[in-house]
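Shown next, in structure tokens, is the structure this report addresses.
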2 protein chains.
Amino acid sequence: MPHNKLPTVKEIAKRLNVSTSTVSRALHNHPSIGLVTTMRVHKVAQELGYEINKTAIFFKERKTYTIGVIIPDLAEPFFSSALTGIEDAAETSRYNVIIGQSLNSFEREKRIVANMKDHRVDGILVSITKETSTYEHFEQLHKFNIPVVFFDRVPNRQDINYVACNLVSGMLQAVAKLVAKGYRRIGLINGPAKLAATLQRLQIYLNCLRQNGLEIDQDIIVSTTLSKADNLTAMNRLLVLEQPPEAVITFNDHVLLDCMAAVTNAGLEVNKDISFVSFANLPVWEYMDKKPLASIEQFAYKQASTAAGFLFKLIDHSAQPDAPEMPPLQCIIDSEMVEYSQ
Amino acid sequence: MPHNKLPTVKEIAKRLNVSTSTVSRALHNHPSIGLVTTMRVHKVAQELGYEINKTAIFFKERKTYTIGVIIPDLAEPFFSSALTGIEDAAETSRYNVIIGQSLNSFEREKRIVANMKDHRVDGILVSITKETSTYEHFEQLHKFNIPVVFFDRVPNRQDINYVACNLVSGMLQAVAKLVAKGYRRIGLINGPAKLAATLQRLQIYLNCLRQNGLEIDQDIIVSTTLSKADNLTAMNRLLVLEQPPEAVITFNDHVLLDCMAAVTNAGLEVNKDISFVSFANLPVWEYMDKKPLASIEQFAYKQASTAAGFLFKLIDHSAQPDAPEMPPLQCIIDSEMVEYSQ
DNA sequence: AAAATTTACACATACGGTTGCGTAACCTCT
DNA sequence: AGAGGTTACGCAACCGTATGTGTAAATTTT
């Protein structure tokens, strides 16, 4: 507890022999306070270096003007970009952002939620953990009037506020582009089966191929555990086929980096002998020579700032005393193919 | 202002016809409250779903258990890693972290500081903007008893708390390694002159070469504006020399990526015809084939968590009423060469 | 049995600022 | 001059919790 006390309205009031209410109103230039008094108050406030203690207001208003953000891992460019989107949105709405990384641990996620509840954040934005399958820790927030908006990694339920991304739209564009370029044999290097994203990507892949009237060949659908060695193996499996794919969709950019190495090792050339499409998460492509033909942009910034907008709307709404329950705010943002200039 | 009121000690007190002080003490199992009363209080608290409102405590104790972190840009892996270090340190000390990106704008930095002051954070960790040259906005925090610890990008003054990184140590190791490998001609691709980091790197470079008894040749010291085209030009300038350098130290990893491309374009091979050393900031090397021989690790996580430790020490210290002014806490962490397995 | 001590609780205040309501003093109008 | 209105301010309560101090009643001590 800091010892040296800061000047308060009380202090100003004492010096001027007026009441604290007068000082408070004078500082806000309330019309019911005379001009002379108002000026004297301002003068003394200036002299004492008075600055308002907003924590007192926060406490009284039961509002902290702070939102919490829970994300799995800041090291992922997707999430750091998302956080920037949130911060920008928060700044214009005069909110602060407190942050917690769940590091994909359900237990950490719960601890962070509890902590944010203790700090009485006005709302929470969250991209859930891979492990998260129960939601009591979020539901409990309802009691404290703390709205929650999920983004990107959202629970599979309908009674929640969320902003998510539709991967299909971007992939359709990408496959269309590949088809337009004359590619008919498009392979897939997928992730490990236990990840939900893996099944999702497979469905999208099949979906897009069918919509483009392409034949589906199980030989050019392989998977990797995401280890470097396994990534190389997966790519090599495709390269040694009698009829290797002309283009390959990879699980993510990390996989793709290894796949490109495998292509080079095989004496082939990326974007000439074989082309790639990936799911965007590395901003590093800009600095590189060999790039995928296109990437599926998932708009971290946009998703997150949209989610933040939802959250502020919910906060404002619940501030009204006669607030009827609001229907869930939900938004699905289309992904888009981003072509890289080669 | 949320309307549906949460249960308070007052509510519990009313139900049991006791005073709030009794309830408060009972909830903390204070010995001066009888066992029966204590248990009844706990029971009612449980039934009502009472949870303590810490904002009241924060307000009363003039302590928010929140620290502010101001960094230039989360998109840089260095800073996202630093933030993780801070978060981990904060969690074990039961602190929350509120975050602000200055985006290298001095004005934003000032706004963020003012905002964090309003929220009465208990302390601030900051990596300053490239533009920052005045410090009133930080000095002003002293009045509010908000300690500040700078890290990585620290002001050039001695009366401040800071944690910084000594780039020389790592570079010495790297040059020593290059020398041990038989390289005698070591070039430098530096950044634009207006950046402080540029002069710093030049000095380190000259320093290390001298200490290893190597000749300094101005022909193999070039610079780039950091644009891709310019990076390529810089590298090419070295490659077309009669006696090109055998190894090159690059300003940073982004520059290096382009330099590697230039090498490949020239029909040469990275790590065979020419080797590189860079200043670490990209975690992506792990996923790539061509890597620098070594990188100068600047320990974002360690710097940041050390700085956080300093901050908590300062906060604890200023909490003591008879606290004499503390001498500045300062720490310089040695950088280290990190060798990449090729 | 009276005195001393302990037990178990209530009262009041503080943290810093805001705000509804009350009220003197002054001014205006008839 | 008295009624009515306006101006300029003070009073008091409030947000939720903690805690120093006071004090009956119960218990122990002498």
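Note: hydrogens, waters and symmetry copies are ignored here, and every other heavy atom, side chains too, is used. Quick note on labels: first sequence line is chain A, next is B, and so on, each numbered from 1.
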Picking from dA18(D), dC9(C), dG16(C), the nucleotide nearest the side-chain atoms of I52(B) would be dA18(D)
Rounded to the nearest Å, what distance is computed from the NZ atom of residue K63(A) to the C1' atom of nucleotide dT18(C)? 17 Å
For N104(A), enumerate each residue passing the side-chain hydrogen bond (donor to acceptor under 3.5 Å, both in side chains) test, keeping only those at least two apart in sequence or located in another chain. R153(A)
Starting the side chain at C-beta, find the nucleotide from dG10(D), dG16(C), dA18(D) nearest to R62(B). dG16(C)
Is it true that K117(A) and E51(B) have a side-chain N and a carboxylate O under 4.0 angstrom from each other? yes
Does any donor atom in the side chain of S105(B) or E131(B) lie under 3.5 Å from an acceptor atom in the other side chain? no
Send over the distance from L6(B) CG to dC15(D) P, rounded to a whole Å. 13 Å
Any side-chain N or O of T22(B) under 4.0 Å from OP1/OP2 of dC9(C)? no
Salt-bridge test for R108(A) and E91(B): reply yes if a basic N is under 4.0 Å from a carboxylate O, no otherwise. yes
State yes or no: are the ring centers of H137(A) and F106(A) separated by less than 6.0 Å? yes
Polar-atom pairs under 3.5 Å, protein N or O versus N or O of nucleotides 24-28 of chain D: list them with distances, or write none.
none

If you look at every strand shown and take non-hydrogen atoms under 4.0 Å, does S24(A) touch a base, only sugar-phosphate, or nothing? base
Could you say whether S21(B) or F59(B) is positioned toward the 5' end of DNA chain C, judged by the nucleotide with the nearest heavy atom to each? S21(B)
Whole angstrom value for the distance that separates P of dG16(D) from CD1 of I57(A): 15 Å
Salt-bridge criterion met for R120(B) and E61(B) (N-O under 4.0 Å): no
In whole angstrom, give the distance that lies between atom CD of E51(B) and atom P of dT17(D). 11 Å
Note: contacts of residues 25-44 of chain B with DNA chain D (heavy atom, under 4.0 Å) are R25(B), H28(B)
Measuring only between side-chain heavy atoms, which start at C-beta, is F150(A) closer than 4.5 Å to N161(A)? no
Could you tell me the separation between the NZ atom of K60(A) and the C1' atom of dA13(D), rounded to a whole number of Å? 8 Å
Can you name the nearest heavy-atom pair linking T64(A) to V121(A), along with the distance? OG1-CA, 3.6 Å
Just the rounded figure in Å: distance from P of dT18(C) to NZ of K54(A). 10 Å
Starting from C1' on dG16(C), measure out to CZ on F58(B) and report it in whole angstrom. 17 Å
is_close_aromatic(F59(B), F58(A)), centroid dist under 6.0 Å: no
Rounded distance [0.5 Å steps], CD in E76(A) versus CD1 in I71(A): 9.0 Å
Any base atoms under 4.0 Å from Y50(B), or only sugar-phosphate, or nothing? Heavy atoms, all strands. sugar-phosphate
So with a 6.0 Å cut-off around CZ of R157(B), is the heavy-atom count from everything else above 12? yes
I need the full list of ring-ring contact (aromatic ring centres under 6.0 Å, His included) pairs touching residues 7-52 of chain A, with sequence neighbours left out, sorted by first then second residue. none
Rounded distance in Å - CD (E61(B)) to C1' (dG16(D)): 13 Å
At what angle, to 10 degrees, do the two end axes of the helix from dA1(C)-dT30(D) to dT30(C)-dA1(D) meet, given five pairs define each axis? 60°
Using the six-membered ring wherever Trp is involved, compare the ring planes of Y65(B) and Y95(B) and label them parallel, tilted or perpendicular (cut-offs 30° and 60°). tilted
From CA spacing to verdict: salt bridge (charged side-chain N to carboxylate O under 4.0 Å, His left out), R15(B), E47(B): CA-CA 11 Å; R15(B) 300 224 178 186; E47(B) 285 168 9; 5.8 Å; no
Does anything in residues 10-20 of chain A come within less than 4.0 Å of DNA chain D? Heavy atoms only, and list the residues if so. N17(A), V18(A), S19(A)
